Amino acid sequence: MSSTPKKRPKSKHNSYSKNSSLNSILEPPQSLFPSKGEFLRLITVLAIASAVALSCNYFLTFFASTSKPFCDSNLDPIDSFSDSCEPCPSNGKCYEGKLECIYGYRRHGKLCIEDRDIDETAKKLSESVEAGLCEAYAQVLCYGTGTVWVRENDIWNDLDRHNLMQNVGSDHTTYVYMKRRAMETIAKLLETRANLHGLHEFKCPDALAEHYKPLTCRFRELVSKHSLIIMLICAGLIGCAVLFLKVRQRMYISARAEELYNQVCDMLEENALGSKNVDGEGESWVVASWLRDHLLFPRERKDPQLWKKVEELVQDDSRVDRYPKLVKGESKVVWEWQVEGSLSSSGRRKKGEGIELKSNEGINTNINQSSRTLKTEPKTLIF
């Protein structure tokens, strides 16, 4: 009987040692990665190296470009883009590698830019010509006198007499260039046409000429454009003013007539009482026209409405009789106060003094003053 060999069991110690050796093989060593301080130093070194490289590249490019000459202006455009020379900029002339800017431009690096002084002078010249033409055309639109179209040659000659051209100097080329620049600006701003002789003429645009019209012309155009509305407004204002004056005049006449009526009542009453006190020898009546001339101011006598209002108040008063009487051979209307059985006029007014307004108090003061004056001169009231 054969016996089968038994397998020897694996020990735990051997398996643990194998696993640890396997992990040590798979995990990278700690010295493989840099520390935090080493990583920051690495970034700093890379940044400095990049900055140095870029600076060197910039300086090399700059010095290499400035050292290149300019391509001649008469070269073919395809040849001007060669690496051996710089293309000649616009508004410049290049010859034998040198750049020279045309008149009106100055060199700025590898470019030709406009000369600011010449540009400003040309702009002021064009504005001056524009103002002159637009003011002349505005006179035509407003008053029908002036010039509309101006020839180019006339403007060119007028620029010679301008004050700004006197400061240019003796440089003829700059002088002509400045005038040409001004004419180019004028051609852009104004309307142009060719006359029968083929010469160019300029005119100020209508919209631009509106800004050069004088104030009197604008006011006249505004009135003529809105004449109907303005007439209606003026008519309304005049009507309101007339109505206000009429109402005010009517109120004045009413107040003044009441004041005169009170004075008439006082004078008639005093005259009637005075005639009774002199044994009936005096006259108790008073001529109305004489009384009117005595009370009214000279300017008030020209307004018949005032005394007419007083007569209406007297006519409505039952204490006063009105009848015609022959005085010195002439027929007169006389007023007479009814002494017997009538209430005193002054007593009635004194009773109402407590409820009258301040303005009526002033009227009563004038009436009392007139009464005292009449008492001191009774001869002027007794006829």
Side-chain angles (χ1 to χ4, degrees), residues 243-328 330-383:
L243 181 62
F244 173 76
L245 293 176
K246 285 186 177 181
V247 172
R248 183 179 179 183
Q249 182 71 12
R250 187 173 299 178
M251 293 175 62
Y252 169 76
I253 290 177
S254 178
R256 179 63 175 158
E258 186 175 354
E259 178 185 359
L260 293 173
Y261 163 71
N262 293 329
Q263 294 180 10
V264 167
C265 291
D266 289 342
M267 294 171 66
L268 291 177
E269 183 180 4
E270 291 178 3
N271 185 62
L273 293 175
S275 64
K276 296 296 182 180
N277 294 333
V278 292
D279 300 331
E281 294 180 0
E283 300 292 345
S284 61
W285 47 266
V286 178
V287 179
S289 60
W290 296 352
L291 190 61
R292 176 197 63 196
D293 297 338
H294 179 76
L295 294 176
L296 294 182
F297 295 107
R299 65 174 182 275
E300 293 179 336
R301 298 171 189 172
K302 299 178 181 180
D303 187 7
Q305 297 295 328
L306 179 59
W307 189 251
K308 185 177 180 181
K309 185 70 175 179
V310 176
E311 290 179 345
E312 292 176 357
L313 295 175
V314 173
Q315 186 177 1
D316 295 336
D317 195 342
S318 60
R319 299 170 300 176
V320 180
D321 286 343
R322 301 171 65 255
Y323 55 89
K325 187 176 181 61
L326 190 65
V327 179
K328 295 182 180 181
E330 295 183 1
S331 179
K332 302 285 186 179
V333 176
V334 297
W335 293 349
E336 183 178 0
W337 185 264
Q338 299 298 318
V339 180
E340 298 179 359
S342 63
L343 297 176
S344 174
S345 175
S346 61
R348 177 180 60 83
R349 285 195 303 278
K350 289 180 180 179
K351 185 178 180 180
E353 283 180 356
I355 59 174
E356 286 183 348
L357 298 176
K358 189 174 182 180
S359 60
N360 292 334
E361 291 177 358
I363 295 174
N364 292 334
T365 303
N366 295 332
I367 294 173
N368 295 332
Q369 291 176 355
S370 300
S371 301
R372 288 193 296 269
T373 304
L374 293 173
K375 287 179 181 179
T376 56
E377 299 179 2
K379 296 181 180 181
T380 60
L381 302 175
I382 299 174
F383 303 96

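Only a predicted model underlies this, so the values are computations on that prediction, with no experimental measurement involved. We use all heavy atoms of the structure for the numbers below, so side chains are in, but hydrogens, waters and symmetry mates are not.
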task = Find the distance between CD1 (Ile253) and CD (Gln249) and round it off to the nearest 0.5 Å.
result = 4.5 Å
key: Minimum heavy-atom distance between Pro324 and Ser331, given as atom pair plus value   = CB-OG, 4.3 Å
query = Roughly how far apart are Glu259 CD and Leu306 CG, rounded to 0.5 Å?
reply = 9.5 Å
inquiry  = Please enumerate all residues that pass side chain to side chain donor-acceptor pair (under 3.5 Å) together with Glu300, with sequence neighbours excluded.
reply    = Tyr252, Arg256
ask   = Is there side-chain contact between Val310 and Leu295, with at least one heavy-atom pair below 4.5 Å?
value = no
request  = Could you pull out all residues at least two apart from Trp307 that satisfy side chain to side chain donor-acceptor pair (under 3.5 Å)?
outcome  = Glu311
ask   = Does the pair Tyr323 and Trp335 meet the rule for a side-chain contact (heavy atoms from CB on, under 4.5 Å), with working shown?
value = CA-CA 7 Å; Tyr323 55 89; Trp335 293 349; over 6 Å; no
ask   = Hey, is the main chain of Leu313 close enough, under 3.5 Å, to the side chain of Asp317 for a donor-acceptor pair?
value = no
query = With a cut-off of 6.0 Å (strictly less than), are more than 12 heavy atoms of other residues, nucleotides or ligands near CZ of Phe244?
reply = no
note = His294 and Met267 have their tightest heavy-atom pair at CD2-CE, 3.5 Å
ask   = Under the salt bridge (charged side-chain N to carboxylate O under 4.0 Å, His left out) test, which residues partner Lys332, sequence neighbours left out?
value = Glu330
CA sep, side-chain torsions, deciding dist, call: Val320, Val264, side-chain contact (heavy atoms from CB on, under 4.5 Å) = CA-CA 10 Å; Val320 180; Val264 167; over 6 Å; no
Beyond-backbone contact of Trp285 with Val287, side-chain heavy atoms, under 4.5 angstrom = yes
query = Considering all heavy atoms of both residues, which atom of Trp337 and which atom of Leu268 are nearest to each other, and what is their separation?
reply = CB-O, 3.4 Å
key: Arg301: side-chain contact (heavy atoms from CB on, under 4.5 Å) partners, not counting sequence neighbours   = Asp293, Leu296
ask   = How would you list, by chain and number, every residue that makes a salt bridge (charged side-chain N to carboxylate O under 4.0 Å, His left out) with Glu312, sequence neighbours excluded?
value = none
query = Measuring from Glu269:CD to Arg319:CZ, what's the distance to the nearest 0.5 Å?
reply = 7.5 Å
